[in-house]
*Asks:* 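Have a look at this one before I ask anything.
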Amino acid sequence: MSAPVLAARDLEVHYTTSDGLLERLARRGDTVRAVDGVDLALEAGETLGLVGESGCGKSTLAQALVGLEETTGGTVTYRGRTLESLSGEDRQTFRTDVQYLFQNPGASLDPRLPVGDAVAEPLAVHDVVPPARRDERVAELLELVGLSATDANRYPHECSGGQRQRIAIARALAVEPSVLVCDEPVSSLDAGEQARILNLLADLRDRLELTTLFVSHDLSVVDHVADRIAVMYLGRVVERGTPADLFDDLLEPEHGTEDERGDQPTLHPYTEALVSAIPEPDPLWEGRRIVLEGDVPSPIDPPTGCRFHTRCHRLVPPDPFDLEPAEFRPVMTLRTRLDRVESGAIRGPTPATIREALGVSSLESGPELTTTAIRDAIGLPDSLSDPAAERRLEAALEAVVAGDVSSARSTLEDAFETPCESCSPAFRPVADGHEIACRRFEESRDE
Ligand SMILES: Nc1ncnc2c1ncn2[C@@H]1O[C@H](COP(=O)(O)OP(=O)(O)OP(=O)(O)O)[C@@H](O)[C@H]1O
């Protein structure tokens, strides 16, 4: 089997945020773990979709794969060779063979250059066709992307967003690449333009037999174009599979609701939440939308173990207790919110900051903070089903009411440590070509 066209192995891209030169020299500042240990392969001829929420590291990963972003760990290979080892002619081949289509097409176009000159530029830089044939080739390229030869005389500001993206595509194709990396190519366009550009890209991919990495925050867009999908969360890939692997379990009506199936879908819980959020055209669909707890944590201080554990609705409960995931989730939510009180994300602890962090409104619960008010705000049951767990929880809640957040945190931390926070899940195949990095599907490896 031939090597993947592009591959990342244990890839890291960490940024150091520092305001001034002195800080930079002293290497002070926070480390943003934008990409933090990613393995991914783009095989010849395929379209690989890379999805995840804004800020999860998709663009950084895509740019590192094409050599536009400096890596801080791991390797990137192009047809089996690391990018650093490419030099001379090989480096030149890589630079033309792999083209990058940016999110904002306007930004990559010089406003002073007419469209024809913009498309001719890469032809001249890489000496792709002799000067005498350049105008003819520019006209061909413009027609290839659905523009006309006469558009060569227009300026970028005279073109619509969709037309500018077509010009950017023509520029990328000018050097006859075999790999196209499309980074959110339609996110800045209106719905009609989005569909037209997506169709154009799919058509060009088929006609020119392009290998494509398609980056998008929109799972339904990726579903339409990709042969395989990689789902990214907070700097890591958590699931890889085909669109059918990701969508059929949850969206196909014949599979029934989760209750009817009596089991859980074979998906990473994060993917499950993303899929459940896709507007469903079938009015008979009875699946439930999963609303995740809180926001995406900061890549400066990502959660330990599985990065998704602070928001996961399928957390593995701690061993000593006999708890259902659904009743354990709010216990973890309480822990996460108390952590925020102490970590300074919300300044505190004062009675007001404790209330704010826990979401306890004094209008609804009265001026006195009570354990019942906290249970209501967090969604904790009146009593956990395991009496031993309930005793520990109640002790922590009483400490919060007494204003002793620190003691409440350590009680909760001691009693309710989930394996999801202590172990980083490795990928485990759940079907042919379908892999998930989640504690529920694997033997964990310790961090
Ligand atoms: N040059 C930089 N310096 C510091 N942090 C950065 C830099 N570039 C990106 N980041 C941070 O790295 C993280 C990942 O950013 P990235 O743009 O790769 O995410 P994304 O998934 O592509 O999001 P979006 O779709 O919004 O572009 C974010 O937290 C972002 O703020």
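Quick note: residue numbers are just sequence positions, from 1.
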*Asks:* By salt bridge (Lys or Arg N to Asp or Glu O under 4.0 Å), which residues pair with Asp90, not counting sequence neighbours?
*Replies:* Arg81
*Asks:* Measuring from atom CD of Glu158 to atom CD of Gln163, what distance do you get when rounded to the nearest 0.5 angstrom?
*Replies:* 10.0 Å
*Asks:* Would you say the side-chain atoms of Arg314 pair up with the backbone N or O of Pro269, donor to acceptor, closer than 3.5 Å?
*Replies:* no
*Asks:* How close do Glu421 and Phe416 get, counting heavy atoms only, and between which atoms?
*Replies:* OE2-O, 3.8 Å
*Asks:* Charged N to carboxylate O below 4.0 Å: is that the case for Glu140 and Arg133?
*Replies:* yes
*Asks:* Any donor-acceptor pair under 3.5 Å linking the side chain of Ser188 with the backbone of Asn104?
*Replies:* no
*Asks:* Show the nearest heavy-atom pair for residues His268 and Cys306, with the distance to one decimal.
*Replies:* NE2-SG, 4.5 Å
*Asks:* Please indicate whether Asp319 has more than 12 foreign heavy atoms, meaning atoms of other residues, nucleotides or ligands, lying under 6.0 Å from its CG.
*Replies:* no
*Asks:* Nearest 0.5 angstrom please: Glu46 CD to Leu210 CG, how far?
*Replies:* 13.0 Å
*Asks:* Determine whether Leu48 and Leu40 make a side-chain contact, defined as any pair of heavy atoms from C-beta on separated by less than 4.5 Å.
*Replies:* yes
*Asks:* Please confirm whether the backbone N or O of Arg236 pairs with a side-chain atom of Asp36, one donor and one acceptor, at under 3.5 Å?
*Replies:* no
*Asks:* Taking the side chain from Arg228 and the backbone from Glu43, do they hold a donor-acceptor pair closer than 3.5 Å?
*Replies:* no
*Asks:* Counting only heavy atoms from other residues, nucleotides and ligands, does the tally under 6.0 Å from CG of Asp39 exceed 12?
*Replies:* yes
*Asks:* Show, in sequence, the C-alpha distance, side-chain angles and deciding distance for Leu334 and Leu358, and conclude whether the side-chain contact (heavy atoms from CB on, under 4.5 Å) test is met.
*Replies:* CA-CA 7 Å; Leu334 176 65; Leu358 298 181; 3.8 Å; yes
*Asks:* Side chains of Leu101 and Gln165: closer than 4.5 Å at any heavy-atom pair?
*Replies:* yes
*Asks:* Using the six-membered ring of Phe427, assess whether NZ or CZ of Arg240 lies under 6.0 Å from its centre and within 45 degrees of the ring axis.
*Replies:* yes
*Asks:* Go through Thr333 and Arg337 one step at a time and tell me if the side chain to side chain donor-acceptor pair (under 3.5 Å) criterion holds.
*Replies:* CA-CA 6 Å; Thr333 300; Arg337 295 200 192 172; 5.8 Å; no
*Asks:* Do Asp218 and Val51 touch side chain to side chain, with heavy atoms closer than 4.5 Å?
*Replies:* no
*Asks:* Taking distance alone, no hydrogens or angles, what donor-acceptor pairs closer than 3.5 Å link side-chain atoms of residues 171-185 to residues at least two apart or in another chain?
*Replies:*
from	atom 1	to	atom 2	distance (Å)
Arg171	NH1	Ala118	O	2.7
Arg171	NH1	Glu121	OE1	3.0
Ser178	OG	Arg79	NH2	3.0
Ser178	OG	Asp97	OD1	2.7
Ser178	OG	Asp97	OD2	3.2
Asp183	OD1	Ser59	OG	3.3
Asp183	OD2	Ser59	OG	2.9
Asp183	OD2	Tyr100	OH	2.7
Glu184	OE1	His217	ND1	3.0
Glu184	OE2	His217	N	3.0
Glu184	OE2	His217	ND1	3.2

*Asks:* Measure the shortest side-chain to side-chain distance between Leu292 and His313 over non-hydrogen atoms and say whether it is less than 4.5 angstrom.
*Replies:* yes
*Asks:* Indicate yes or no for a side-chain donor-acceptor contact from Ser216 to the backbone of Val222 under 3.5 Å, with no hydrogens or angles considered.
*Replies:* no
*Asks:* Could you pull out the closest heavy-atom pair between Leu246 and Glu239, with the gap in Å?
*Replies:* CD1-OE2, 3.9 Å
*Asks:* Which pair of non-hydrogen atoms, one from Val119 and one from Ala170, has the smallest distance, and what is that distance?
*Replies:* CG2-CB, 4.1 Å
*Asks:* Could you check whether any side-chain heavy atom of Pro318 comes within less than 4.5 Å of a side-chain heavy atom of Glu417, counting everything from C-beta outward?
*Replies:* no
*Asks:* Just by distance, do the side chain of Arg91 and the backbone of Leu83 share a donor-acceptor pair under 3.5 Å?
*Replies:* yes
*Asks:* Give a yes or no answer on whether the side chain of Asp151 reaches the backbone of Ser148 with a donor-acceptor pair at less than 3.5 Å.
*Replies:* yes
*Asks:* Nearest 0.5 angstrom please: Glu12 CD to Leu61 CG, how far?
*Replies:* 12.5 Å
*Asks:* With no hydrogens and no angle check, just 3.5 Å: does a side-chain donor-acceptor pair link Arg340 and Thr336?
*Replies:* no
*Asks:* Supply the atom-to-atom distance Ile167 CD1 to Leu142 CG, rounded to the nearest 0.5 angstrom.
*Replies:* 7.5 Å
*Asks:* Indicate yes or no: at least one non-hydrogen side-chain atom of Arg311 is less than 4.5 angstrom from one of Pro297.
*Replies:* yes
*Asks:* Under 4.0 Å between a side-chain nitrogen and a carboxylate oxygen: does that hold for Asp127 and Arg134?
*Replies:* yes
*Asks:* Please check if the side chain of Gln99 supplies one atom and the backbone of Thr96 the other of a donor-acceptor pair under 3.5 Å.
*Replies:* yes
*Asks:* Taking all atoms of both residues into account, what is the closest heavy-atom pair of Pro419 and Val316, and its distance?
*Replies:* CD-O, 3.7 Å
*Asks:* Answer yes or no: is there a donor N or O on one side and an acceptor on the other, between the side chain of Arg166 and the main chain of Leu200, under 3.5 Å?
*Replies:* no
*Asks:* Does a donor on one side chain and an acceptor on the other come within less than 3.5 Å for Asp223 and Ser220?
*Replies:* no
*Asks:* For Met232 and Val35, run side-chain contact (heavy atoms from CB on, under 4.5 Å): C-alpha distance rounded to whole Å, both residues' side-chain angles, the deciding distance at 0.1 Å, then the answer.
*Replies:* CA-CA 10 Å; Met232 214 174 160; Val35 173; 4.3 Å; yes
*Asks:* How far apart are the closest heavy atoms of Ala230 and Val237, and which atoms are they?
*Replies:* CB-CG1, 4.1 Å
*Asks:* Can you confirm whether Leu6 sits close enough to Phe94 that some side-chain heavy atom of one is under 4.5 Å from a side-chain heavy atom of the other?
*Replies:* yes
*Asks:* Just jot down the salt bridge (Lys or Arg N to Asp or Glu O under 4.0 Å) partners of Asp386, sequence neighbours excluded, or say none.
*Replies:* none
*Asks:* What's the spacing between Tyr233 OH and Glu53 CD if we round to 0.5 Å?
*Replies:* 6.5 Å
*Asks:* Drop me the distance from Asp30's CG to Ile300's CD1, to the nearest 0.5 angstrom.
*Replies:* 4.5 Å
*Asks:* Is Val275 close to Phe247 at the side-chain level, that is, under 4.5 Å between some pair of heavy atoms?
*Replies:* yes
*Asks:* Would you confirm whether Thr47, through its side chain, and Asp227, through its main-chain N or O, come within 3.5 Å as a donor-acceptor pair?
*Replies:* no
